[in-house]
Amino acid sequence: MSDRKKKILAINPGSTSTKVTLFLDEEELFERNIFHDAPELLKYPHVNDQLPFRCEVILKTLKEERVDPAEIDAFVGRGGSACTQPGGLTRIDQKLYDDTVAAVGGSEHPAKLGVMIAWTFAQKYGKEAYTLNPTNVDEYCDLARLTGIKGIYRVSHSHVLNQKAVADHHAGLMGKRYEDCNFIVAHIDGGITVSAHDHGRMVDGNMGADGEGAFTPTRIGSLPILQLLDYLKTHELGEVRLACARSGGFVQYFGTANSDTIHELVEKGDKKASLVWNTMIYQICKMIGEMSAVLCGKVDAILLTGGLMRFDDIREGIERRCGFIAPISVYPGEMEQEALALPVLQALRGEREAQAYSGENVWNGFDGTDL
């Protein structure tokens, strides 16, 4: 094992941003968070089509920071869209890249671009590529999977990376292990997911990019099915699929996913903006209530994280409706960049093994039944 310090680039594409952080061992050399408004990204018909644009954004950032990408030792990206995976650090290979591109897991979220970008750079510069706790980590209990239509099952599509990082951090502050606690964790940003964490496992939550849960700056959230079927009589299926993850929510009402713009209208007393904004908060509260039932009311803490937690009225609204469930702690932004980079550093040092991508789903049906 070499004593030379390692440069690791953490790549984190979101529904409205590209965040990149360069680490030298544990030290953060720089971090950039580049905002992309929804209309800019909607120029690309498919999420995969954003790959050259996002790569160019990152290369431009590295140039501005006077970093030669060929000197980076490893690339690690947020991931998703492939077969469901166990939690932990995974080495990216051609199979994982191909399955991510093809979205064999069924979810087309921009997080998948993290794997695609990391692999693209690793191939170009002859380095290693990794992903950690992608959006399709599946730890659901069986009760969370079944639906009222045979053959349609719920799977985990969530902000696993940040939720687990925040939960682990908060458990440490409590003097406990993540595996010894019950948490409800809400990631609130361009996408919103709320999950029940039962002793270190995310046993249930909403499929955010699939049209489930609260509507968000870019997503439609849950809808009445019969009304949606009527809506499809006059709208293309592709339009609705796009609204699930990229052109729903605020984009529908205001033509922008920029939460600062909408919140400024709220502060000025705009009735439309206030109703939309407060409905989003109301729906988040309902999701938290659902997850408290999943945990049988035994909740050590409700943890609020994500970029929108910079707005105090979201915290206040959740405290008012959900404060009776458990103590509430807020972690504005996210802890994803460090969570991505540090396990890679351990792998490069030979202190940790990265798992291989199996190409098979973690869960493949209910054994011994015809469900």
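Everything quoted here is computed from the prediction, not taken from an experiment.
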Check the pair Tyr125 / Ile72 against side chain to side chain contact (heavy atoms under 4.5 Å, CB included), numbers first and verdict last. CA-CA 9 Å; Tyr125 299 109; Ile72 295 172; over 6 Å; no

With a 6.0 Å cut-off on the ring centroids, do Trp363 and Tyr153 count as close?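 Yes.
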
Centres of the Tyr178 and His169 rings: under 6.0 Å? no

Starting at [atom1] of [X], measure out to [atom2] of [Y] and round the result to the nearest 0.5 Å.
X	Y	atom1	atom2	answer
Arg4	Leu24	CZ	CG	9.5 Å
Leu348	Lys5	CG	NZ	15.0 Å
Ser247	Ile220	OG	CD1	8.5 Å
Ile328	Arg320	CD1	CZ	11.0 Å
Ile188	Met287	CD1	CE	8.5 Å

Side-chain donor/acceptor of [X] to backbone N/O of [Y], under 3.5 Å:
X	Y	answer
Asp189	Gly307	yes
Ser156	Asn136	no
Arg54	Leu113	no
Lys150	Asp370	yes
Lys7	Glu71	no
Asn258	Thr261	yes
Ser274	Lys271	no
Asp270	Ala273	yes
Asp138	Thr84	no
Asp37	Glu40	no

salt_bridge([X], [Y]) N-O dist < 4.0 Å:
X	Y	result
Glu108	Lys112	yes
Glu334	Lys19	yes
Asp25	Arg349	yes
Asp180	Arg177	yes

For the student: nearest non-hydrogen atoms of Ala339 and Leu132, plus distance: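 Scanning both residues completely, I find the closest heavy atoms to be O-CD2, 2.8 Å.
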
Least distance between heavy atoms, Gly88 atom then Asn133 atom: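 Result for this residue pair: N-OD1, 2.8 Å.
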
Residue pairs fulfilling side-chain hydrogen bond (donor to acceptor under 3.5 Å, both in side chains) with at least one residue in residues 206-219, sequence neighbours excluded: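 Every pair satisfying side-chain hydrogen bond (donor to acceptor under 3.5 Å, both in side chains) with a residue in residues 206-219: His109-Arg219, Arg154-Glu212, His157-Asp210.
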
Contact list for residues 279-290, test side-chain hydrogen bond (donor to acceptor under 3.5 Å, both in side chains), sequence neighbours left out: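 Passing the test, one end in residues 279-290: no pairs.
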
For a quick check under 3.5 Å, do His159 and Thr135 share a side-chain donor-acceptor pair by atom type?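 His159 vs Thr135: no donor-acceptor pair found between side chains.
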
Under a 3.5 Å cutoff, is there a donor and acceptor pairing between the side chains of Tyr331 and Asn162?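 No - no donor-acceptor pair under 3.5 Å links their side chains.
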
Just jot down the side chain to side chain donor-acceptor pair (under 3.5 Å) partners of Asp260, sequence neighbours excluded, or say none.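 With sequence neighbours excluded, Asp260 shows a side chain to side chain donor-acceptor pair (under 3.5 Å) to Arg310, given in chain and number order.
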
Arg321: partners by side chain to side chain donor-acceptor pair (under 3.5 Å), with sequence neighbours left out: none

Quick check on side chain to side chain contact (heavy atoms under 4.5 Å, CB included): which of Met207, Lys164, Gln163, His187 does Ser158 satisfy it with? Gln163

Is the closest side-chain heavy-atom distance between [X] and [Y] below 4.5 Å?
X	Y	answer
Ile284	Leu304	no
Leu22	Phe30	yes
Ile117	Leu51	yes
Phe215	Ser222	no
Leu345	Glu351	no

Any chance [atom1] of [X] has more than 12 other-residue heavy atoms, nucleotides or ligands included, within less than 6.0 Å?
X	atom1	answer
Asn364	CG	yes
Leu229	CG	yes
Arg241	CZ	no
Ile149	CD1	no

Among residues at least two apart in sequence or on other chains, which ones pass salt bridge (Lys or Arg N to Asp or Glu O under 4.0 Å) with [X]?
X	answer
Asp98	none
Lys233	Asp230
Glu316	none
Lys63	none

Quick one: side-chain contact (heavy atoms from CB on, under 4.5 Å) partners of [X], sequence neighbours excluded?
X	result
Pro86	Gln355, Val362
Glu236	Glu239
Glu360	Ser358

Stepwise, does the side chain to side chain contact (heavy atoms under 4.5 Å, CB included) test hold for Phe75 with Ile8? CA-CA 6 Å; Phe75 301 90; Ile8 301 167; over 6 Å; no

If you look only at pairs with a residue in residues 233-265, which of them pass as a ring-ring contact (aromatic ring centres under 6.0 Å, His included), with sequence neighbours excluded?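 Counting only pairs at least two positions apart or across chains, the ring-ring contact (aromatic ring centres under 6.0 Å, His included) contacts touching residues 233-265 are Tyr231-His235, Phe250-Trp277, His263-Trp277, His263-Phe311.
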
Take Tyr97 and Thr120 through the test side chain to side chain contact (heavy atoms under 4.5 Å, CB included) and record every step on the way to the result. CA-CA 9 Å; Tyr97 175 85; Thr120 298; 4.3 Å; yes

Are Asp300 and Lys176 close enough, and set up right, to give a side chain to side chain contact (heavy atoms under 4.5 Å, CB included), and what steps lead you there? CA-CA 11 Å; Asp300 293 299; Lys176 296 183 178 182; 4.3 Å; yes

Criterion side-chain hydrogen bond (donor to acceptor under 3.5 Å, both in side chains) on His199 and Asn182, from CA distance to verdict: CA-CA 6 Å; His199 293 84; Asn182 280 0; 3.1 Å; yes

